[in-house]
Number of protein chains: 2
Amino acid sequence: MIKRTSQDIRRLNRFEVLRRVYAGPGAMSRQDLAAATGLSFATVANLTAELLEAGVLVEAGHEESGGGRPRARLAVNAERGALIGVDIAETSVHAELFDLALSVRHSVERPLPPGDVRPADVVDTLAGAVEELLAASGTDRSRVLGAGVSVPGMVEREGGVSSFSPYWSWHEVPLRALLDERLGLPLWLDNPLRASTVAEMWFGAGREVDDLVVLTLRAGVGAGIAIGGQLHRGFTNSAGEWGHTCLALDGRLCTCGNRGCVEAYVSLRGIAGTWRELAPGDERAAGPDDAATVAALARAADADEPVAAAVVERTARYLGAAVANLVNLVNPQVVVVGNQVVDLLGERLLPAAYEAVGRHALALPHRAATLRRSAVPHNPVTRGAATFALEGFLDDREVFGPVSRMRKAAKGGGAAGG
Amino acid sequence: MIKRTSQDIRRLNRFEVLRRVYAGPGAMSRQDLAAATGLSFATVANLTAELLEAGVLVEAGHEESGGGRPRARLAVNAERGALIGVDIAETSVHAELFDLALSVRHSVERPLPPGDVRPADVVDTLAGAVEELLAASGTDRSRVLGAGVSVPGMVEREGGVSSFSPYWSWHEVPLRALLDERLGLPLWLDNPLRASTVAEMWFGAGREVDDLVVLTLRAGVGAGIAIGGQLHRGFTNSAGEWGHTCLALDGRLCTCGNRGCVEAYVSLRGIAGTWRELAPGDERAAGPDDAATVAALARAADADEPVAAAVVERTARYLGAAVANLVNLVNPQVVVVGNQVVDLLGERLLPAAYEAVGRHALALPHRAATLRRSAVPHNPVTRGAATFALEGFLDDREVFGPVSRMRKAAKGGGAAGG
DNA sequence: GATTCTTCTTCCAACCCTTCGAATAAGATC
DNA sequence: GATCTTATTCGAAGGGTTGGAAGAAGAATC
């Protein structure tokens with residue numbers, strides 16, 4: 001049984017308050033925060049005091065006042081430290097350095113050799129990218145509060161062992177051990193599905209909503225599930241493998257070895273496959289780079305080629321049915337779709353997919369769910385990875401201890417000068 | 001945002017302690033409870049004191065002691081009151097009266113007319129069954145702590161409106177209003193999926209496990225999802241409609257109007273349909289009563305008829321793939337299967353289905369999940385419905401107030417005599 | 001039969017968290 | 001400069017859990 005203590009409440013409230021500050025259009029007053037979180041005034045003052053003391057928030061001027069004391073504006077202190085987010089994908093490693101306000105300060109992308117990449121190669125590439133990030137941005141390592149790394153496949157978080165990779169023949173690779181040494185930074189490992197979801201919870205649709213499903217559609221596809229404002233990880237941190245649920249029994253062969261998986265139809269490769277099916281002769285559909293193929297498809301569709309429209313139409317149907325499965329099973333308030341497939345085909349694909357969801361889902365859960373395109377700026381995976389590091393920092397007991405410590409400190413030290 | 005207060009912690013701990021008492025092989029000592037829940041000794045003493053005062057627990061003798069003060073045994077006080085659980089199914093209403101130890105004291109089953117039943121008919125039948133229950137068991141209405149009612153389809157709990165029924169053409173039926181008046185009992189409404197799941201959480205596999213999926217397989221099929229020891233309801237209390245997720249695109253027509261739903265293959269009707277498909281001439285497969293048809297199928301399989309074996313084999317494959325979808329998506333620790341389909345075909349169906357899950361699920365979530373046949377005694381739906389009433393009673397602020405009230409009461413009243 | 005042991009329970013004080021309400025602070029306005 | 005008006009801080013109270021001391025209850029022993 002999971003122990004629940006009053007400190008968990010405080011931790012969640014701390015997260016909640018800070019999430020609202022990030023979510024807000026700019027700086028927010030304590031009043032706004034109390035209204036937004038539903039917490040009492042005193043509690044908000046309490047939590048913000050703690051965050052101010054830790055340097056995470058700063059006072060940023062005052063609001064206009066029509067008589068009476070003006071409200072202080074609180075904003076995230078971007079300069080408090082840096083966060084690193086890394087997205088390990090099939091063909092490249094994308095690393096970004098964020099400030100604490102989660103603005104991108106520097107970005108590096110390094111290719112991975114094609115074929116079966118060894119763990120050591122990935123570690124080298126990653127470590128190199130991080131060094132470049134630090135050097136180019138002139139950031140001292142000590143200012144980095146943590147690094148989040150998204151690894152495709154399934155990762156055991158604590159041990160940091162990658163037990164399955166969809167692209168490479170990895171087997172029980174002790175990633176944490178390999179990276180810890182090289183990076184010398186607080187490290188947070190997980191997969192792209194959960195990274196995107198956390199990004200969405202802090203900076204996207206999840207700001208307003210507590211039950212959502214986040215679909216990541218690129219070379220691999222999958223879902224992140226957040227329930228009651230909490231990410232659902234599953235018993236072995238491998239929940240959300242929607243890409244490998246069966247949509248068409250005895251259907252198309254999937255990379256996982258099974259048939260009829262969702263991923264075989266709506267991933268970049270799956271869409272390319274549909275194009276090949278519908279236009280057997282077309283050599284634009286035959287290239288080895290699926291992202292390029294889908295980009296070509298988008299151009300063909302823009303040129304009103306009927307076959308391209310048919311491919312998009314079919315894909316929308318697959319996607320709609322698969323999303324409807326999620327809607328029926330999870331009954332979320334919002335379904336967010338994002339990443340390469342959406343970036344390339346969004347305008348054409350999504351309206352048709354939305355319509356297909358309506359045909360396949362039951363009326364009540366369908367009415368309850370809104371479908372949205374991801375509004376998280378930039379790459380949601382690197383941002384989500386950095387968010388893991390942010391969450392880790394906010395959980396740091398050295399920085400955010402129990403309140404009694406604060407009281408003692410306040411008594412011991414003098415009053416802070418204005 | 002959901003407010004979290006320290007009272008929620010206490011509420012959850014109260015549930016947890018009581019669940020362990022129900023789960024235990026008999027009476028349990030406070031020591032056992034502390035060990036089982038992970039709570040401190042003082043807290044367990046605190047909570048049990050409260051439950052003893054409310055009459056929910058009683059001291060039931062002492063354990064043997066090899067020197068030292070013997071441990072007091074605590075047991076549920078069956079006589080504290082009665083609970084009623086009602087299962088409204090397609091063709092009948094099944095009502096049962098339980099004591100507080102959740103033993104069945106009396107059981108009534110009344111048929112519903114075939115065809116499109118009106119809400120008033122169901123309400124009449126239900127009210128009649130409850131009256132019979134009370135009369136036959138000699139239970140005074142005032143001793144009934146609450147009644148839980150399982151309604152097929154989708155029910156909005158607070159308003160008690162049934163917005164969709166799979167069998168009847170109901171539309172926004174205000175069930176709570178209709179029943180409140182007739183029953184005059186605290187009333188708890190939900191659907192059979194969630195009822196079975198709650199039964200499993202208190203009295204079945206959920207006793208040991210916090211993340212589980214409970215599959216109800218009868219005329220309709222669906223899943224109940226419990227995460228972190230909490231039932232997942234979804235945004236509109238309609239999560240778990242696994243029966244209407246698409247397993248075979250463009251597949252068999254389902255009662256919901258879609259094609260290829262899981263329910264079209266693994267419900268009683270679906271299995272009968274598979275039999276008709278494989279043995280077009282066989283009139284045993286052609287009857288209108290699906291439960292009877294599946295019972296006949298079981299007999300045919302027992303008689304080693306090859307076609308019957310083939311039907312079971314196919315069904316196992318459908319079921320296995322559909323369960324694998326759940327395993328991949330939710331990554332639970334346990335999947336429980338139960339109800340009529342399992343009762344009739346369990347021995348033959350489940351081993352093959354388990355094997356099919358292994359073929360379809362990803363390795364890591366598959367290894368993490370164990371599949372079990374439901375071990376909840378008797379009808380899990382009536383028991384689950386009664387459990388809703390039990391949970392409601394345990395949430396009653398009149399009975400279980402904040403601790404400070406207890407202190408005051410203890411001060412006001414004298415010490416209890418030994 | 002009294003004493004000693006051993007173990008269970010209860011009780012108390014300490015600690016964590018939120019929240020109400022009074023007191024204090026800080027500008028705007030007259 | 002006095003008076004409003006609104007924000008913020010502060011202290012006490014209320015709801016929880018928990019470790020440890022003190023009390024209670026049998027078993028074993030002398």
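Every chain is numbered from 1, with letters handed out A, B, ... down the list of sequences.
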Does the A/Asp99 side chain pair with the main chain of A/Ser103, one donor and one acceptor, at a distance under 3.5 Å? yes
Of all heavy-atom pairs linking A/Ala385 and A/Val149, the shortest is CB-N, 4.1 Å
Hey, what bend do you get for the helix from C/dG1-D/dC30 to C/dC30-D/dG1 if you fit axes on five pairs at each end, rounded to 10°? 30°
N or O in side chain of A/Ser6 less than 4.0 angstrom from C/dC16 OP1/OP2: no
Under 3.5 Å, is there a donor-acceptor pair between the B/Asn237 and B/Arg194 side chains? yes
Calculate the interatomic distance between B/Arg14 atom CZ and D/dG16 atom C1'; express it in whole Å. 12 Å
Taking for each residue the nucleotide of DNA chain C with the nearest heavy atom, is it A/Gln7 or A/Thr43 whose nucleotide lies nearer the 5' end? A/Gln7
Length of the line joining A/Ile9:CD1 and D/dG14:P, which is rounded to integer Å: 18 Å
Separation of A/Glu50 atom CD from D/dT9 atom C1', in whole Å? 16 Å
How far apart are the C-alpha atoms of B/Arg383 and B/Glu200, what are their side-chain angles, what is the distance that settles it, and do they pass the salt bridge (Lys or Arg N to Asp or Glu O under 4.0 Å) test? CA-CA 9 Å; B/Arg383 180 173 295 264; B/Glu200 211 64 48; over 6 Å; no
Ring-plane angle category for A/Phe15 and A/Trp202, please: parallel below 30°, perpendicular beyond 60°, tilted otherwise. tilted
Could you tell me how far apart A/Leu47 (CG) and C/dC17 (P) are, to the nearest whole angstrom? 10 Å
Decide yes or no on salt bridge (Lys or Arg N to Asp or Glu O under 4.0 Å) for B/Asp32 and B/Arg20, but give the supporting numbers first. CA-CA 9 Å; B/Asp32 298 337; B/Arg20 299 295 172 161; over 6 Å; no
Counting only side-chain nitrogens and oxygens, does B/Asn13 get under 4.0 Å of the OP1 or OP2 atom of D/dG16? no
Interatomic distance where CG belongs to A/Leu52 and P belongs to D/dT9 [whole Å]: 9 Å
I want to check something: taking the side chain as every heavy atom from C-beta on, are B/Phe400 and B/Leu51 in contact at a cut-off of under 4.5 Å? yes
Round to the nearest Å and state the distance from B/Glu63 atom CD to D/dG26 atom C1'. 14 Å
Dump the pairs, protein N or O against N or O of nucleotides 7-9 of chain C, anything under 3.5 Å, distances to one decimal.
from, atom 1, to, atom 2, distance (Å)
C/dT7, O2, B/Arg69, N, 3.4
C/dC8, OP1, B/Arg71, NE, 2.4
C/dC8, OP1, B/Arg71, NH2, 2.6
C/dC8, O2, B/Arg69, NH1, 3.0
C/dT9, OP1, B/Ala72, N, 2.6
C/dT9, OP2, B/Gln31, NE2, 3.4
C/dT9, O4', B/Arg69, NH1, 3.3

Rounding to an integer number of Å, can you tell me how far A/Asn46 CG sits from D/dA12 C1'? 14 Å
Against A/Ile9, only a single residue in A/Leu12, A/Asn13, A/Thr5 fulfils side chain to side chain contact (heavy atoms under 4.5 Å, CB included); can you say which? A/Asn13
In terms of side-chain geometry, is the basic nitrogen of B/Glu59 or B/Arg73 positioned less than 4.0 Å from the acidic oxygen of its partner? no
Length of the CD-P vector between A/Glu59 and C/dA26, whole Å: 11 Å
